[in-house]
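A short worksheet on the structure shown next.
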Amino acid sequence: MRPELLNPLFATSASLPGVGPVLARPLERLALTRVRDLLYHLPDRFVQRRAVANLDDATPGEQIVIALTPREYRSAPGRGPFRVLAEDVLGNICALTWFGRNAGWAKKSLPLGERKWIAGRLDQFGQMLQIVHPDHVGEGGGGELGQLIEPVYPLTEGMTQGRLTTLIQLALAEAPELPEWIEPGLLAREGWPAWRDALVLAHRGEHPGARDRLAYDELLANSLALMLVRDANRARRGTPLQGDGRLRGKLSLPFALTGAQVRTIAEIESDMAQGAPMLRLLQGDVGSGKTVVALEAMLIAVEAGTQAALLAPTEILARQHYDTLVRMAAGTGVTIAILTGRDKGRARESTLLGLLDGSIDIIIGTHAIFQDSVAYRNLALVVIDEQHRFGVGQRLMLAQKGQTSREGRRTPHCLAMTATPIPRTLTLAQYGEMDVSRLDEMPPGRQPIDTRVVTIERMGDVVGAVSRHLAGGGQAYWVCPMVRENENADLAAAEARFAALAERFAGDVVLVHGQLRPEAKDAAMAAFSGGAKKLLVATTVIEVGVDVPNATLMVIEQAERFGLAQLHQLRGRVGRGADKSTCLLLRGDALSETARDRLGLMRETQDGFRLAEEDLHLRGGGELLGTRQSGDTPFRVATLEQITRLLPLAHHDARLLIERDGGLEATRGQAARVLLYLFERDWGVQLLRGG
Ligand code: ADP
Ligand code: MG
């Protein structure tokens with residue numbers, strides 16, 4: 001159970017004074033639904049402002065505080081900005097500008113004719129001075145506002161700096177002192193503050209060590225949890241499985257296995273023959289042939305008289321795996337079934353029965369296959385195809401833990417497959433001390449994908465190229481970006497693109513996005529993979545594992561908005577057949593240098609491991625990872641730079657702690673339990689006795 005000490009931190013943000021229902025959505029969008037989340041929402045940077053008497057006194061680009069009197073409201077049509085024209089004491093005019101749906105709020109806080117103090121960055125917009133999204137609008141306090149060094153927090157629509165700052169201060173007031181879990185020698189050597197002080201200081205930007213300490217805490221929690229699970233796994237009983245090769249011998253594959261596949265299968269086979277359950281990660285770039293490796297592993301389990309399960313991250317992928325495996329295993333006589341959240345009634349009943357009586361050898365599905373209502377006769381191998389989703393290690397371990405919760409059960413062997421080529425520095429963070437196999441050799445005969453960067457102005461040419469491609473009997477993907485912060489606008493853009501392309505290519509186009517009903521999504525995917533539809537317009541749902549060899553052209557719109565790893569994943573959808581494939585990266589005209597470098601690299605190389613390293617390098621230390629939409633690491637607090645610098649230390653420290661006090665019973669061990677709960681790595685604690 002969570003230590004009571006932490007209860008105030010896990011209270012909902014809505015329980016803080018003054019948080020009304022209007023803030024619920026923005027808080028959710030920022031993933032700040034609990035007090036602890038607010039504490040760890042650290043500032044991007046800090047600003048210092050100057051109080052100025054009038055606009056002549058200020059320079060565009062400067063952060064200022066100024067008294068202004070609103071004179072006039074101006075709304076632009078559609079989703080254009082809302083402006084309040086306001087006047088200083090000399091009669092100079094400045095526009096206060098809001099984008100998004102903020103007009104109502106702006107009018108309420110800025111009644112015409114009433115002088116207000118405004119804080120924000122002054123900009124020149126054509127002939128006009130303006131302040132976009134002022135940080136503060138208030139009755140008084142101009143003097144104090146000018147003195148403050150203020151944190152600047154990542155925001156979303158419906159949330160202001162002022163509001164968020166207040167909320168975080170309230171959250172800090174709720175934070176208790178916590179027992180120290182960091183080794184005293186290290187704490188002294190680094191000069192790090194205690195936990196609570198570190199939080200307060202980090203929000204003020206005052207102590208350089210404060211943020212490092214908070215990041216270190218997160219890394220330590222992660223290392224500890226992964227180690228606890230790993231150690232518990234070593235102590236468990238699995239089922240040694242010895243395949244006799246009779247089923248694998250009947251597989252008739254249309255190709256010879258690559259050296260890497262053969263080696264990997266041997267590694268898995270030897271793990272599965274052991275008494276301790278396997279805990280292995282299979283890393284292999286998109287298209288490296290992980291599916292057949294999974295099949296061989298599952299056949300070993302079936303040859304040994306047990307069952308195997310394959311867990312896919314999405315419905316689409318589960319169905320695709322099912323089709324592929326049924327086809328590949330046709331000559332073997334094994335019984336393969338599928339189970340997802342959508343299977344109901346009779347069909348579901350009969351599948352459940354088959355799993356229980358053992359007439360089903362291999363089950364493929366989404367997480368539905370691990371629900372409590374699903375019981376197996378003798379499940380001895382679980383394969384998790386998580387593609388690039390983060391936290392594969394944790395998922396794997398959790399799945400494994402789930403299987404042992406029933407008394408007397410043996411722990412199944414686990415194989416996790418990921419297509420994310422993660423940089424070496426991050427392997428430890430993601431997977432702890434798991435055994436790793438790498439498919440570092442592509443099947444022969446793959447042609448390089450011709451990758452080109454094209455500006456959006458050449459849209460006409462791009463559509464022309466698609467048209468020729470379809471006329472020649474090919475199929476194509478057209479990918480539109482979709483991120484959580486910008487969901488509505490992105491979806492609208494994808495739908496508009498679909499409409500435009502549908503006009504041009506009539507009945508040949510189909511649209512898939514995350515908000516479609518599952519049946520509609522499947523139907524659309526089926527139409528595309530069956531060849532009835534030639535062009536698939538999609539948001540990033542297709543990223544995970546879709547395999548249509550005849551689709552050899554991909555267009556990625558606003559490619560600059562994607563990370564390298566994601567672009568690589570997307571591009572991996574083409575180049576799957578024997579024909580030459582092309583990937584067109586459409587970009588806007590205002591590009592940051594990093595974005596330009598990223599697109600350049602995409603053109604240059606197709607090596608996923610290299611792209612992962614370069615991605616890490618390009619983003620440097622400044623960018624927060626694991627935050628918000630980026631799922632590259634399982635971290636929210638630690639930056640890439642901090643991970644690189646502090647992770648080895650945390651890993652070492654965790655190892656020492658476990659060697660001395662494996663049950664986390666002594667004083668520091670107890671503090672470490674608090675840490676694990678604080679960072680929600682309590683699945684690590686729960687494996688300990690008395691956790
Ligand atoms: P991923 O690692 O991305 O899951 P898949 O298992 O889907 O890759 O394999 C990609 C494609 O390569 C499939 O069409 C598969 O049949 C084919 N393939 C797998 N192994 C080989 C091989 N050794 N030689 C030729 N083609 C192969
Ligand atoms: Mg795959």
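For ligands, and for the atoms within them, numbers begin at 1 and follow the listed sequence. Sequence positions, counted from 1, serve as the residue numbers for this chain.
Open room surrounds CZ on Arg452; 12 or fewer heavy atoms of other groups in view lie less than 6.0 Å from it.
In summary, the atoms of ligand 1 found under 4.0 Å from a heavy atom of Thr258, numbered by their order in the structure, are 23 (N). The atoms of ligand 1 that sit less than 4.0 Å from any heavy atom of Thr291 are 4 (O), 5 (P), 6 (O), 7 (O). Here is the list of ligand 1 atoms found below 4.0 Å of a heavy atom in Leu257: 23 (N). Residue contact check: Asp285 has heavy atoms under 4.0 Å from atoms 2 (O) of ligand 1. Residue contact check: Ser288 has heavy atoms under 4.0 Å from atoms 2 (O), 8 (O) of ligand 1.
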How far apart are the C-alpha atoms of Arg319 and Asp522, what are their side-chain angles, what is the distance that settles it, and do they pass the salt bridge (charged side-chain N to carboxylate O under 4.0 Å, His left out) test? CA-CA 9 Å; Arg319 301 215 170 262; Asp522 282 1; 3.5 Å; yes
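Atom NE2 of His568 is separated from atom CZ of Arg610 by 12.0 Å, given to the nearest 0.5 angstrom.
For the side chain to side chain donor-acceptor pair (under 3.5 Å) with Ser437, the lone residue among Arg280, Gln283, Arg263 that qualifies is Arg280.
When only interatomic distances are considered, the shortest N/O to N/O separation between Ala256 and ligand 1 falls below 3.5 Å.
Residue nearest to atom 10 (C) of ligand 1, selected from Gly287, Pro549, Pro254, Pro444: Gly287 (by heavy-atom distance).
Without hydrogens or angle criteria, Glu303 side chain to Leu247 main chain gives a donor-acceptor distance under 3.5 Å. Side-chain N or O atoms of Gln307 include one that pairs as donor or acceptor with a backbone N or O of Ile360 at under 3.5 Å.
At a heavy-atom cutoff of 4.0 Å, ligand 1 is contacted by the side chain of Gln261 but not by its backbone.
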